[in-house]
Amino acid sequence: MLGDSDVAATIPTKDIGKAAKFYEETLGLKKGKDETGGIVFKSGNSTLFLYETQFAGTNKATSAGWVTDDVEGVAKDLKSKGVKLEQYHLPGVKREGDIHIMGDLKAIWFKDPDGNILSVSTSMA
């Protein structure tokens with residue numbers, strides 16, 4: 001039913017101005033149009049909708065993830081911009097510095113200003 005449709009991330013924030021600056025300036029997403037209740041950002045062929053709510057940062061799991069061939073490069077770039085990378089101790093997952101390794105998959109996690117958990121990983125396909 002939805003297998004040929006695009007999927008979009010929807011991210012909550014308590015301070016849309018602060019969060020928009022993070023997604024646009026720190027992560028390099030392209031700000032689209034302001035919508036009723038939020039802002040749309042473009043990332044590759046995907047969209048991310050940022051909206052205000054008192055429940056921002058309450059999810060304890062990954063809210064959105066990006067796929068890249070250069071996880072190490074993205075990690076270095078994020079750290080140079082002051083983003084703290086998260087360190088998780090998960091069964092069967094090895095770590096090399098900030099990079100989590102699960103077989104052929106490499107991943108990093110970090111949080112936005114509201115505490116929403118975001119990730120960058122190699123392709124899972």
**Request:** Please report the shortest heavy-atom distance between Ile99 and Ala75, naming the atom on each side.
**Result:** CD1-CB, 4.1 Å
**Request:** Check the angle between the aromatic planes of Trp109 and His100 and answer parallel, tilted or perpendicular using the 30° and 60° thresholds.
**Result:** perpendicular
**Item:** Ala8 versus Thr47, closest heavy-atom pair with distance
**Value:** CB-OG1, 3.1 Å
**Request:** Report yes or no: does Asp34 contribute a side-chain atom to a donor-acceptor pair with the main-chain N or O of Ile39 at less than 3.5 Å?
**Result:** no
**Sidechain-backbone polar pair: Asp114 side chain, Lys14 backbone, donor-acceptor under 3.5 Å** = yes
**Prompt:** Among Ile11, Val83, Thr13, which residue meets the side chain to side chain contact (heavy atoms under 4.5 Å, CB included) test with Asp112?
**Reply:** Ile11
**Verdict with reasoning, Thr62 to Ser119, per side-chain contact (heavy atoms from CB on, under 4.5 Å)** = CA-CA 7 Å; Thr62 304; Ser119 72; 3.7 Å; yes
**Request:** Could you pull out the closest heavy-atom pair between Trp66 and Ser43, with the gap in Å?
**Result:** NE1-OG, 2.8 Å
**Shortest non-hydrogen separation from Ser121 to Leu105 and the atoms involved** = CB-CD1, 4.0 Å
**Message:** For a side-chain contact (heavy atoms from CB on, under 4.5 Å) check, start with the C-alpha distance between Tyr23 and Leu118, then their side-chain angles and the critical distance, and finish with the verdict.
**Reply:** CA-CA 11 Å; Tyr23 283 92; Leu118 307 171; 3.6 Å; yes
**Item:** Verdict with supporting geometry, Ile117 and Asn59, side-chain contact (heavy atoms from CB on, under 4.5 Å)
**Value:** CA-CA 8 Å; Ile117 301 169; Asn59 182 4; over 6 Å; no
**Request:** Measure across Thr36 and Phe49 and return the closest heavy-atom pair with its distance rounded to 0.1 Å.
**Result:** O-CZ, 4.2 Å
**Request:** State whether the side chain of Asn116 and the backbone N or O of Pro12 hold a donor-acceptor pair below 3.5 Å, judged by distance alone.
**Result:** yes
**Request:** Hey, could you give me the CG/NZ distance between Leu50 and Lys31, rounded to the nearest 0.5 Å?
**Result:** 10.0 Å
**Prompt:** Do Lys106 and Glu72 sit within salt-bridge range, that is, some charged N less than 4.0 Å from a carboxylate O?
**Reply:** yes
**Asked** What pair of heavy atoms forms the shortest contact from Asp98 to Leu85, and how long is it?
**Response** CB-CD1, 3.5 Å
**Message:** With a sphere of 6.0 Å drawn around NZ of Lys79, does it hold more than 12 non-hydrogen atoms of other residues, nucleotides or ligands?
**Reply:** no
**Message:** Within a 6.0 Å radius of atom NZ on Lys42, are there more than 12 heavy atoms belonging to other residues, nucleotides or ligands?
**Reply:** yes
